[in-house]
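Contents: one structure, followed by commentary.
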Protein chains: 2
Amino acid sequence: MNRRPGTAKAVTIYDVARECGVAASTVSRAFSRPGRVNPTTAERIREAAERLGYHTNPLARAVTTGRTSMIGLVIPDITNPVYFPVIRGAEAAATEAGFVLLLVDTQESARNEREGIERALPMVDGLLLAGTRMSDASVRVIAQQTPVVVCNRVVTGVPSVVPDNARGIRRAMEHLGSLGHRAITYVAGPEASWADGMRWRAVREAALELDLRAVLAGPFPPTVSGGSSAVASLRRQQPTAVIAYNDLIAIGLLRGLAAEGVRVPADVSVVGFDNIFGSDFCTPALTTVAAPMRALGSEALTHLAAQIAGATPHVSRPVTLPAKLVVRDSTARPGRRRAKI
Amino acid sequence: MNRRPGTAKAVTIYDVARECGVAASTVSRAFSRPGRVNPTTAERIREAAERLGYHTNPLARAVTTGRTSMIGLVIPDITNPVYFPVIRGAEAAATEAGFVLLLVDTQESARNEREGIERALPMVDGLLLAGTRMSDASVRVIAQQTPVVVCNRVVTGVPSVVPDNARGIRRAMEHLGSLGHRAITYVAGPEASWADGMRWRAVREAALELDLRAVLAGPFPPTVSGGSSAVASLRRQQPTAVIAYNDLIAIGLLRGLAAEGVRVPADVSVVGFDNIFGSDFCTPALTTVAAPMRALGSEALTHLAAQIAGATPHVSRPVTLPAKLVVRDSTARPGRRRAKI
DNA sequence: GCGGGTGCCGCAAGCGGTTGTCACCCCCGA
DNA sequence: TCGGGGGTGACAACCGCTTGCGGCACCCGC
């Protein structure tokens, strides 16, 4: 460690060893493999280490063991509120499991993602891919090089943890159906998104089972402004109820609709997806399908840690966490349409 | 690198060296110190490295050089929307400068913060403290061990980058004053917060200069529910205008006020702080003091990188970035009070 | 033709730990 | 009393890369 002048040189196992008259290897073992060294010696070493302020250097350890105790967290857009709880969940589980998180924000770019992963790869024990934009094949390639868990998407052959969106959508459709809506428009997110395909399919299936009609609008960018811009295209379809790809779009919809004088929920009901920060204090408060994002993060990380520890990854089917419908103020019985939209 | 069975062994400088008949040290130099080796040899090496898929192992490098190319990003609460843009800014600047970010979420706990920093310390080249909860003295202690930049707070003796909150508040006070408000209540955040003290002081000073009256309410937790709970204590003071410690409190205020039938801005104007995600789509849209958080993050990281590269930290006074007032719908002329609050 | 630069590259010693191997000691049982 | 075995701890090699030092060519000028 070439510390800058003025900063003390880090204390090493050799210092500790000298201090209490044992070999460096004994010090090493005292920490990495307790039981392999006499309890009293170990105690002496531990005490000396404490006194000297010794901390084992994770980097040096990593060179020989190949294990860094770091996990790469790959996020498409750290600015997207959906990911906050998953980061938090992952962080908590990581410190719990003795790992530290390396952040890779790819800014929604596949190139950035590739480069970021490449840069992180040599220094992490595993990768947590939260909403990756890569192809299934690419993910599988990565997964062959290092332990990987995918979060919020399923890639066959790679351990995945996802919310039970189908069920959440089913609940939303039931809710809308019971309110008296006959046709539901799904306002789609980005085409490349795995989740989008999944959700649209779930909407169609639920529609079939519940004897409703499913209509597609979009795709739109999964942002507030994307949602606002969707209003125009909705004008043709005159829906009484829409389910948006996510809350960001739903909120954009709310704003765009309000700007055109369309009342929510009186004129049109809107359901969001994700229950993000803010979905409760927009106007009207958004009815939304809530996935347990925080649990998703921690669950994914726990699996990853297990896999790193040597557990064989469990890939037969994805870990599924329950999603629920949060009913708030943006849904109601269909009213007399004022044909304004 | 003890890679798990099934994964290929990483290729090293020795492989590359053998491949093109030079010594390993030459390969090393070809990458770390171009110019120190013959251009044609360097090219040959680079080409062989490419062919073999060689990537220099940052960990091994770190062992000898003591430089890891990692920067620790310490965030009190990753779930707080204020930090998203600073993370984003820091991330962008980090990759720009060839660093990677180690995330330390302290969950608002000083103990977590201490432990997290301790854990991160041996593997980072520097620390970016965004809104730390530690004491000035503790921060200075850390800063003696490793390069540190503090973001969104000033610690004397340690390089800091902060928004020009005083000026933002001044603008807000002017705005409120020109609307006709005579007394402004500051709804305080956590007492331990540096920013809170700073803001309250700025409110008082601006009040003095503008011939307004400044009133203090609080402290309250800097959360939406904290803001809601502040409504009760506001009832006594009957303010016509409040400035909240942050947008979270302001939004809570909005909701609590609405629940009691108090109209914003007709009965009371509210100004927030931070311009977080959601402050534009709450109802009414929040007038708020907007700090350039993203710039804060990137600026702080840039300074940190410079410091790591050997620049002497510039601590005489904090780097100050402009803040501005975003006027939206939550402020208006004081109306006839309905004495409901 | 020879001494002295200079440019390029190899040697080997680390950096701070980990770990396989082996020597040693002590205790126990025969 | 002696042999064997288990428990401890030391030695040294090694992980992949960096770097000080020095050797070797080659070129220049006198």
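Worth knowing before you read on, the calculation uses all heavy atoms, side chains too, and leaves out hydrogens, waters and symmetry mates. Naming convention: chains lettered A, B, ... in sequence-line order (proteins, then strands); numbering from 1 in each chain.
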Can you measure A/Phe31 atom CZ to C/dG17 atom P for me and round it to whole angstrom units?
10 Å

What integer distance in Å separates A/Asp15:CG from C/dG16:P?
9 Å

Taking 4.0 angstrom as the limit, do A/Asp77 and A/Arg133 come out as a salt bridge?
no

Presence of B/Arg61 side-chain N/O under 4.0 Å of D/dG16 phosphate oxygens OP1/OP2:
no

For the side chain of B/Asn80 and the backbone of B/Tyr83, is there at least one donor-acceptor N/O pair under 3.5 Å apart?
no

Base of C/dC15 paired with side chain of A/Tyr14 (donor-acceptor, under 3.5 Å):
no

Return no unless some side-chain N or O of A/Tyr54 is found under 4.0 Å from OP1 or OP2 of C/dG17.
yes

Are A/Asp125 and A/Met70 close enough that some pair of their side-chain heavy atoms sits under 4.5 Å apart?
no

Value in whole Å for how far the P atom of D/dG16 lies from CZ of B/Arg18:
12 Å

Would you call B/Glu115 and B/Arg111 a salt bridge, using N to O less than 4.0 angstrom?
yes

Are the aromatic rings of A/Tyr54 and A/Phe31 close, with centres under 6.0 Å apart?
yes

Is it true that A/Arg51 and A/Glu47 have a side-chain N and a carboxylate O under 4.0 angstrom from each other?
yes

Rounded to whole Å, CE of B/Met123 lies from P of C/dG16 at a distance of 17 Å

Figure out the CZ/P separation between A/Arg67 and C/dG17, and round it to whole Å.
18 Å

Could you state the atom-to-atom distance from CG of B/Asn57 to P of C/dC15 in whole Å?
19 Å

Check: B/Leu304 and B/Leu128 side chains under 4.5 Å, non-hydrogen atoms
yes

Does some side-chain heavy atom of A/Val74 sit less than 4.5 Å from a side-chain heavy atom of A/Glu113?
yes

Atom CD of A/Glu43 to atom P of D/dT8: distance rounded to whole Å?
15 Å

Tell me whether the OP1 or OP2 atom of C/dT18 has a side-chain N or O from A/Ser28 closer than 4.0 Å.
yes

Can you tabulate the close N/O pairs, meaning under 3.5 Å, that link protein atoms to atoms of nucleotides 5-9 of chain C?
{"from": "C/dC9", "atom 1": "OP1", "to": "B/Thr41", "atom 2": "OG1", "distance (Å)": "2.5"}
{"from": "C/dC9", "atom 1": "OP2", "to": "B/Asn38", "atom 2": "N", "distance (Å)": "2.8"}
{"from": "C/dC9", "atom 1": "N4", "to": "B/Arg36", "atom 2": "NH2", "distance (Å)": "2.7"}

Straight-line distance of B/Ile87 CD1 to A/Asp105 CG, nearest 0.5 Å
9.0 Å

Rounded to 10°, the helix from C/dG1-D/dC30 to C/dA30-D/dT1 deviates from straight, judged by its five-pair end axes, by 50°

